[in-house]
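Since the structure comes first, as structure tokens, the remarks are kept for the end.
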Amino acid sequence: MIRLGVNIDHVATVRQARGELYPDPVQAAVFAELGGADNITCHLREDRRHIQDRDVWALKDTIKIPLNFEMACTKEMLAIAKKLKPHAVTLVPEKREERTTEGGLALKNNLKALTKATQELQDLGILVSLFIEPTVAAVELSAKIGAKAVEFHTGHFCHKIDRLTSTSEKIRLVHDSLGLASVRAHECGIQSHFGHGLHYANASWLQVVPFAEEANIGHAIIGRAIFCGLEKAVRDMRFLLNDAHLNPLPNGRLK
Ligand code: PXP
């Protein structure tokens, strides 16, 4: 089974656009939970462009499913995470000028800081996931850092698969860009999570990735919720990730 983490940042983006108190990302998390979400993801950015500090604490107090707290590896965020003690922390790179997280962590350049943060958070019982490019080299560095999970940045993968028409080319892409990295993660004892750019027409490809454990999806789910409601949008996505009838390969997973 692939767990679905629902990212509710985009609800806060709509709220912040008008400086109002609605729509409330915490209320969104409750509806996501009712729709079958396995966890809730929120990203407290340094510039507080969407999620605010009070949202994070309210989420922790309200939801019954695990909270995945996305953050940059900074002193300020580490202090918040240590107090908050969410189920999981996903460490991501952050640039003020970017529209959204555009790539995986630069592991080599930040090896010392990432190792220290990972160890400190994991010592508190928090699962640490590193947001990385889906490469074997990045997985091996993540193992060196000591993370128990990685989230593969699927943005480039999604752009590519959305443009391919032939099934054999799609299979090759899934194998080369996600499959090999996920197998290596499994060999290193690391959970494989996936996120960024996944939507209703490409998410079911994760069903064929060996050892895929979790997908964190936001934009497509919140976008669809405008038309059909959040509970249904979440239920439909969870179905795409797990229903055997929707597996793009009749024979199951890639070897
Ligand atoms: N995972 C991470 C680490 C992210 O930064 C984001 C974007 O906020 C997501 C998952 C969700 O991406 P999307 O909104 O494209 O589904």
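Numbers for residues simply follow the sequence, beginning at 1. Atoms within a ligand are numbered from 1 in the order they appear, just like the ligands themselves.
Below 4.0 Å from some heavy atom of Ile217 lie the following atoms of ligand 1, by number and element: 16 (O). Taking a cut-off of under 4.0 Å to the non-hydrogen atoms of Asn216, the atoms of ligand 1 that pass are 10 (C), 11 (C). Ligand-side atoms of ligand 1 in range of Gly197: 13 (P), 15 (O), range being under 4.0 angstrom from any heavy atom. Set against the non-hydrogen atoms of Val92, the atoms of ligand 1 under 4.0 Å away are 3 (C). Within ligand 1, counting atoms from 1 as listed, the ones closer than 4.0 Å to a heavy atom of His219 are 13 (P), 14 (O), 16 (O).
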Without placing hydrogens or testing angles, list every side-chain donor-acceptor pair under 3.5 Å for residues 23-34, not counting sequence neighbours.
residue	atom	partner	partner atom	Å
Asp24	OD1	Val26	N	3.0
Glu33	OE1	Lys64	N	3.2
Glu33	OE2	Lys64	N	3.3

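The main-chain N or O of Val150 is never found under 3.5 Å from a side-chain atom of Ser142 such that the two would form a donor-acceptor pair.
For ligand 1, the polar-atom distance check finds no N/O of Thr90 at less than 3.5 Å from any of the ligand's N/O atoms. Here's the thing with Glu70: one of its N/O atoms is less than 3.5 angstrom from an N/O atom of ligand 1. Between Phe131 and ligand 1, no pair of N/O atoms sits closer than 3.5 Å.
Between the choices Met237, His199, His196, the shortest heavy-atom distance to atom 7 (C) of ligand 1 belongs to His196.
When only modelled atom types and interatomic distance are considered, Glu94 and His43 share a side-chain donor-acceptor pair under 3.5 Å. Checking Gln191 against Arg3 by side-chain atom types alone, a donor-acceptor pair falls below 3.5 Å. For the residue pair Gln207 / Asn242, no side-chain donor-acceptor distance below 3.5 Å is found, with atom types taken as modelled.
Taking the ring centroids of Phe152 and His193, they lie at or beyond the 6.0 Å cut-off.
Under the salt bridge (charged side-chain N to carboxylate O under 4.0 Å, His left out) criterion, Arg184 pairs with Glu140, Glu187, not counting sequence neighbours.
Contact annotation for His10 and ligand 1: only side-chain heavy atoms (C-beta onward) come within less than 4.0 Å of the ligand.
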